[in-house]
Undergrad: 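Okay, handing you the structure first.
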2 protein chains.
Amino acid sequence: MATIREVAKEAGVSVATVSRVMNGSGYAHEDTRKVVMAAVEKLNYKPNEVARSLYNRKSKLVGLILPDITNPFFPEMARGVEDYLQQFGYRLIFGNSDEKRDKEIEYIDTFLQNNVVGMIASTSEEANENFDNLEIPVVLLDRTAEKLPAVYSDQKTGGRLAARVLLDRGSTNIVLIRGPVEIKPVYERYTAALEELTQAKVNVQVMDSSLTLQGGQSCVRQLFEQYPNTDGIIACNDIVAAAALQEILKRGIRIPEDIQLIGYDDIAFTALLHPPLSTIRQPAYEMGAQAAEMLIRKINQEKIAETHKKLPVSFVERQTTRRKVEKP
Amino acid sequence: MATIREVAKEAGVSVATVSRVMNGSGYAHEDTRKVVMAAVEKLNYKPNEVARSLYNRKSKLVGLILPDITNPFFPEMARGVEDYLQQFGYRLIFGNSDEKRDKEIEYIDTFLQNNVVGMIASTSEEANENFDNLEIPVVLLDRTAEKLPAVYSDQKTGGRLAARVLLDRGSTNIVLIRGPVEIKPVYERYTAALEELTQAKVNVQVMDSSLTLQGGQSCVRQLFEQYPNTDGIIACNDIVAAAALQEILKRGIRIPEDIQLIGYDDIAFTALLHPPLSTIRQPAYEMGAQAAEMLIRKINQEKIAETHKKLPVSFVERQTTRRKVEKP
DNA sequence: ATGAAAGCGCTAACAT
DNA sequence: ATGTTAGCGCTTTCAT
């Protein structure tokens, strides 16, 4: 790798001049600019970002912390972030936290040690304090906190919507599968759904599940033993919904005739399920992109109109819910 | 962020001493070691990785290039890489290439500018030359090249296996869906399957598809129009297989009685499909982990027994293939 | 318009 | 056993 020194020598100028033309800062005669660029070209010079970062006290790196990219909801977000940042020459240092506080802290620390310009994170509630007195901008993604800017989706409406859908389409014995209560967005959608359900005069049962395949499967197996006449299930996410769907099919229960099922997230494969899964869509890619946009705004010290950006969710009607019965 | 200077001052020693105790290099009296550590503790000192990296000419960063983490096969690998590297204090700079050469090059360049210690990449064939005269170790993942160490899986056996499965279970009008020919592992599994199929006296048709959902869907729609009496489909990956499954169900074709279907990869959601998809499993997580292990070996200049590590694939028998007919 | 030189935070000779 | 100092590659005053 060529250094600025070698370029300077090649061009017969000083390193300061090379630096100036590279950065378009300060003066540089058109002629010398050309000479320098020729040398840059010839030596295929690429500035050492580490050295720049050391001097400037900030790199072109952005730290990204996500719970687990093995859950398809998150890669979607990650791509939103990456694709947006990429245009501005920022790169991503990435880490999965598994919702573990110490992993988050570890990543935050090392990101800082690497002079990241900013961070985007989906962190657990309790870890937020770790972001408290950082000098660099942080934006929360899919999570919120009072003091930190955030991009997230409307969980409350999402939860309510899911409940409304089943209600409007005639389910009366509904099981609401609650995800881990520590994960705020998941808890919020649950609360909202429960509220909506409770207001209706309908049988509601709550069951717990993790957000994973295994968790969903074991939850759902019990579900039908405990509540055999269930005619509606609201799952905490699409993965769990998929597990439920499988169990429903296995038991020969007709869907959506005998039972309705709705998921949450609208990850890609839900459309491929059989029957295709009705679900509440979160605009994951868009959320990632907007978080990235907000971060860049922060980095550039631009004014930000709304620091808490709540994106809308929507009901994606597929075939695990019935057609809505119009009132006459 | 505290600097080494401040720690030195706090401890009443020189920066060199602090550096020595931090790195466990050179001498340091036990007493002063304690004093220094106390100061480190007090100021919550974390060495600036950028400065270390500048001096050492190498960071604790590893570059990872994957085609697209939106395809569930890759996050699995990514976690394998991350989880393994993490134990050794390495962090990941990450980029999706979308199989585009210029994106790969761009990422390689910026990774280099950031003094990465090494790189792991699933790159397109033609981009390999970009790795040619790098001073840092590179290991290819899921892809291969002669001059570069690599961890990948046995595509040839995988492709053959897929063909064998359908053959042994009685399919005689088989459509082989070929993925993009530029992607070598995908092409290899195709060739192997085709070879096996051709040797058997069986009708074989080849169709093309991209590796995505949309690609799969449009391919599969045509498939049944062109070859209505197909009784076996070998898909280039699980996503396309899922699309095929959906089309099969939509057309009311019985599976596996009337038609058999086999995917490739064994990504998580295949088990959730209905019926659960039979597929060829690649040990994605393991591949990632082993690539990471090999990279670390390289970084540490250890001898490496085999630089081309081919991991075995296996047939995961689920319900889109029939029970094998044992010969009497 | 250009160059010399200091300094970003750290490590490793080298000196003591 | 510890301190002084040069230097990693860059940017930016400050001279000229």
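Numbered from 1 within each chain, the chains take letters A, B, ... in sequence-line order. For clarity, every value in this text was computed on a predicted model and none was experimentally measured. These values consider heavy atoms only, across backbone and side chains, with no hydrogens, waters or symmetry-generated copies.
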Undergrad: Quick check: on DNA chain D, is the nucleotide nearest Asn56(B) upstream (toward 5') of the one nearest Ala28(B), or the reverse? Name the residue that is more 5'.
TA: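 Counting from the 5' end, the first nearest nucleotide belongs to Ala28(B).
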Undergrad: Quick check on DNA chain C: between Tyr27(A) and Val15(A), whose nearest nucleotide comes earlier from the 5' end?
TA: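 First, find each residue's nearest nucleotide; the 5'-ward one identifies Tyr27(A).
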Undergrad: Reading DNA chain D from 5' onward, which residue's closest nucleotide shows up sooner: Tyr55(A) or Arg33(B)?
TA: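 Counting from the 5' end, the first nearest nucleotide belongs to Arg33(B).
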Undergrad: Provide, to the nearest angstrom, the distance between the CG atom belonging to Asn115(A) and the P atom belonging to dG9(D).
TA: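 So the two atoms are 18 Å apart, to the nearest Å.
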Undergrad: Would you confirm whether Asn23(B), through its side chain, and Ser25(B), through its main-chain N or O, come within 3.5 Å as a donor-acceptor pair?
TA: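 A pair under 3.5 Å: no.
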Undergrad: Using a 6.0 Å cut-off, check whether atom NZ of Lys147(B) has over 12 heavy atoms from anything other than its own residue.
TA: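 Yes, the 6.0 Å shell around NZ holds more than 12 heavy atoms from other groups.
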Undergrad: In whole Å, I'd like the distance from the NZ atom of Lys46(B) to the P atom of dG9(C).
TA: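 Answer to the nearest Å: 17 Å.
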Undergrad: Give the rounded distance in Å between these two atoms: CD of Glu6(B) and P of dG9(C).
TA: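 In whole Å, dG9(C) P and Glu6(B) CD are 8 Å from each other.
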Undergrad: Can you identify which nucleotide, out of dC10(C), dG9(D), dG3(C), has its nearest atom closest to the Thr3(A) side chain?
TA: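 Selected nucleotide (nearest to the side chain): dG9(D).
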Undergrad: Contact class for Val50(A) (heavy atom, under 4.0 Å): base, sugar-phosphate, or nothing?
TA: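 Nothing: the residue Val50(A), judged by heavy atoms under 4.0 Å, touches no strand.
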Undergrad: Which nucleotide in the list dA12(C), dA1(D), dC10(C) gets nearest to the side chain of His29(B)?
TA: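 Selected nucleotide (nearest to the side chain): dA1(D).
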Undergrad: Could you check whether Thr17(A) gets within reach of a base, just the sugar-phosphate, or nothing at all, counting any heavy atom under 4.0 Å?
TA: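 If one applies the 4.0 Å heavy-atom cut-off, Thr17(A) turns out to touch the sugar-phosphate alone, with no base involved.
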Undergrad: Got a sec: does the OH of Tyr187(A) have more than 12 other heavy atoms crowding it under 6.0 Å?
TA: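 It does not: Tyr187(A) OH has 12 such atoms or fewer within range.
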Undergrad: Whole angstroms only, please: what is the CG-P distance between Leu112(A) and dG9(C)?
TA: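 Value for this atom pair: 14 Å.
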Undergrad: Find the distance Gln113(B):CD to dC8(D):P and express it as a whole number of Å.
TA: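 Taking atom P of dC8(D) as the reference, CD of Gln113(B) is at 19 Å.
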Undergrad: Could you state the atom-to-atom distance from CD1 of Ile4(B) to P of dG7(C) in whole Å?
TA: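 Those two atoms, CD1 and P, are 18 Å apart.
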Undergrad: Taking only side-chain N and O atoms of Asn48(B), does any of them lie within less than 4.0 angstrom of OP1 or OP2 on dC8(C)?
TA: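 Indeed not, no polar side-chain atom of Asn48(B) lies that close.
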Undergrad: Look at the side-chain N and O atoms of Arg57(A) and state whether any lies under 4.0 Å from the OP1 or OP2 oxygen of dG9(C).
TA: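 Yes.
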Undergrad: Nearest to the side chain of Arg52(B), which nucleotide is it out of dC10(D), dT11(C), dG3(C)?
TA: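 Closest nucleotide among those given: dT11(C).
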Undergrad: Base, sugar-phosphate, or nothing for Ser53(A), non-hydrogen atoms under 4.0 angstrom?
TA: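 No contact.
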Undergrad: Between Thr32(B) and dA1(D), is there a contact of a side-chain N or O with OP1 or OP2 at under 4.0 Å?
TA: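 No, because none of the side-chain N or O atoms of Thr32(B) sits under 4.0 Å from OP1 or OP2 of dA1(D).
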Undergrad: May I ask you to check whether over 12 heavy atoms, not counting those of Tyr27(A), lie within 6.0 Å of atom OH?
TA: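 No, because the 6.0 Å sphere around OH of Tyr27(A) holds 12 heavy atoms or fewer from other groups.
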Undergrad: Roughly how many Å is it from CG in Leu54(B) to C1' in dA12(C), rounded to a whole number?
TA: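 It is 14 Å, rounded to the nearest whole Å.
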Undergrad: Give a yes or no on whether Glu41(B) atom CD has more than 12 heavy-atom contacts from other residues, nucleotides or ligands under 6.0 Å away.
TA: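 No, CD of Glu41(B) has 12 or fewer neighbouring heavy atoms, counting only those of other groups under 6.0 Å.
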